[in-house]
Amino acid sequence: METPYPKPINTAQTRVGFVGIGVMGAAMASRLLAAGYSLTVYARNASKAIPLQSQGAQLVDSPASLARQSDVVFTMLGHPPDVRQIVLGPNGLLSGLNPGGVLVDTTSSHPGLAREIYAAAREKNCWSVDSPVSGGDIGARDGKLAILAGGDSGVVEWLTPLYNVMGKATYVGAPGCGMSCKIANQMIVAANMVGLSEGLVFAERAGLEKRQWMDAVRGGAAGSMVMELLGGRMIDRDFKPGGYAEYMVKDLGMGLDVVEEKDERVAALPGAALNKQLFEVMVASGDGKLGGQGIITSIERMNGSRQPASG
């Protein structure tokens, strides 16, 4: 039985779809399966779906086919062009979504594209919510993501049972506001990553034991979620990605690209611009597929370090 908005969500009837089952998406989808939801997935590389299929997920061959079989469809993709193709393109999600169906884009994407998708969904008597997330692979695995939801407040509230499986959702405003909220979040995360990297490099140069230094300062004003999640990884040189460094370049770029905006929603952000350049050093050095915590390698290079930057 179909249960699109506004019929209440429940595990017995609500059909969920998921597109984008990489590091983050796979963990989020796995939690939905563990919670008892019927899940259909689409992946361009079908082998990525095998772990989810072993949990009971159904694999289909196109986004449109997935949408036809789903009441709520989550996407977790890489870049805005990927979102446009998967959602609005030929044989895309919106072409197959039934009236009352809801698209939930958890990608860190462009606010303008989120508004465009919302308008296109409403023309089909469907809904869309831009719901990017923060918390990385650990938050996705543990169901502790911060979910930043923009769109219709009633639809966001209706999605609460699904959101609660993955973390905690906060309604932040109209369509596109979720994406804007995530961009601002990334500016802070990037600044924390760079600051933590510089602190670690300085501490080592000053003759301090790095883990002891971090334990000493984490309870004060220098402490942060970035330090808790990534500080140990930086020290251990564990650069496996929760989110790729190249995605940080993309996220910061969306906040800095004033040419994209046709209105007054632009700001001068010198710190974000500098941090974007530092992450671009990672990408230019061939390390764009490392986790963002690998930014410490850029700081080390500036200080003459020859430590390998391998994940």
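Keep in mind it's a predicted model, so treat the numbers as computed, not measured. Each residue takes its place number in the sequence, starting with 1.
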Lys276 and Val249: side-chain contact (heavy atoms from CB on, under 4.5 Å), yes or no, with the steps? CA-CA 6 Å; Lys276 177 174 178 283; Val249 174; 4.2 Å; yes
Asp82 and Lys250: salt bridge (charged side-chain N to carboxylate O under 4.0 Å, His left out), yes or no, with the steps? CA-CA 13 Å; Asp82 302 321; Lys250 175 256 300 182; over 6 Å; no
Residue pair Asp287, Ser285: steps toward the side-chain hydrogen bond (donor to acceptor under 3.5 Å, both in side chains) verdict: CA-CA 6 Å; Asp287 296 332; Ser285 300; 5.2 Å; no
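The heavy-atom pair separating Val73 from Leu97 by the smallest distance is CG2-CD1, 4.1 Å. Closest heavy-atom contact between Ser95 and Lys124: O-NZ, 3.6 Å. Nearest heavy atoms, Ser108 versus Asp251: CB-OD1, 3.3 Å. The two residues Ile183 and Gly255 have their closest heavy-atom pair at CG2-CA, 3.7 Å. What you find for Pro175 and Arg115 is that their closest heavy atoms are O-CG, 3.2 Å. Scanning all heavy atoms of the two residues, the minimum distance from Asn98 to Arg68 falls at ND2-O, 3.2 Å.
Side-chain contact between Phe239 and Gln293 is present, with heavy atoms from C-beta onward closer than 4.5 Å. The shortest distance between side-chain heavy atoms of Leu88 and Glu116 falls below 4.5 Å. In this structure, Pro80 and Met254 have side chains that are in contact, with non-hydrogen atoms separated by less than 4.5 Å. Met179 is listed as a side-chain neighbour of Pro132, based on a closest heavy-atom distance under 4.5 Å.
Interatomic distance, Thr106 OG1 to Tyr163 OH, rounded to the nearest 0.5 Å: 9.0 Å. Distance CD1/Ile295 to CE/Met193: 9.0 Å, rounded to 0.5 Å. Rounding to the nearest 0.5 angstrom, the gap separating the OG1 atom in Thr14 from the OH atom in Tyr37 is 6.0 Å. Put simply, OG1 on Thr107 and CG on Leu77 are 4.0 Å apart, with the number rounded to the nearest 0.5 Å.
Within a 6.0 Å radius of CD in Glu280, more than 12 heavy atoms belonging to other residues, nucleotides or ligands are found. Crowding of Lys210 atom NZ: a count of heavy atoms from other residues, nucleotides or ligands under 6.0 Å exceeding 12.
Between Leu103 and the choices Val129, Leu93, Thr75, Asp130, the side chain to side chain contact (heavy atoms under 4.5 Å, CB included) rule is met once, by Leu93.
If you chain together hydrophobic residues whose side chains sit under 4.5 Å apart, Ile138 and Met227 fall into the same group. Hydrophobic clustering (side-chain heavy atoms under 4.5 Å, transitive across Ile, Leu, Val, Met, Phe, Trp, Tyr) groups Leu252 together with Leu290. Hydrophobic clustering (ILVMFWY, side-chain heavy atoms < 4.5 Å, transitive): Ile86 and Ile21 are in distinct clusters.
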Only distances under 3.5 Å count here; give the side-chain donor-acceptor pairs of residues 141-157 to other protein atoms, sequence neighbours excluded, each with its distance to 0.1 Å.
{"from": "Asp152", "atom 1": "OD1", "to": "Gly154", "atom 2": "N", "distance (Å)": "2.9"}
{"from": "Asp152", "atom 1": "OD1", "to": "Val155", "atom 2": "N", "distance (Å)": "3.1"}

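Using cut-offs of 30° and 60° for the angle between ring planes, the Tyr5 and Trp127 rings count as perpendicular.
Not one N or O on the side chain of His79 forms a donor-acceptor pair closer than 3.5 Å with the backbone of Pro81.
Salt-bridge formation is detected for the pair Asp236/Arg211: a Lys NZ or Arg NE/NH1/NH2 atom is positioned less than 4.0 Å from an Asp or Glu carboxylate oxygen.
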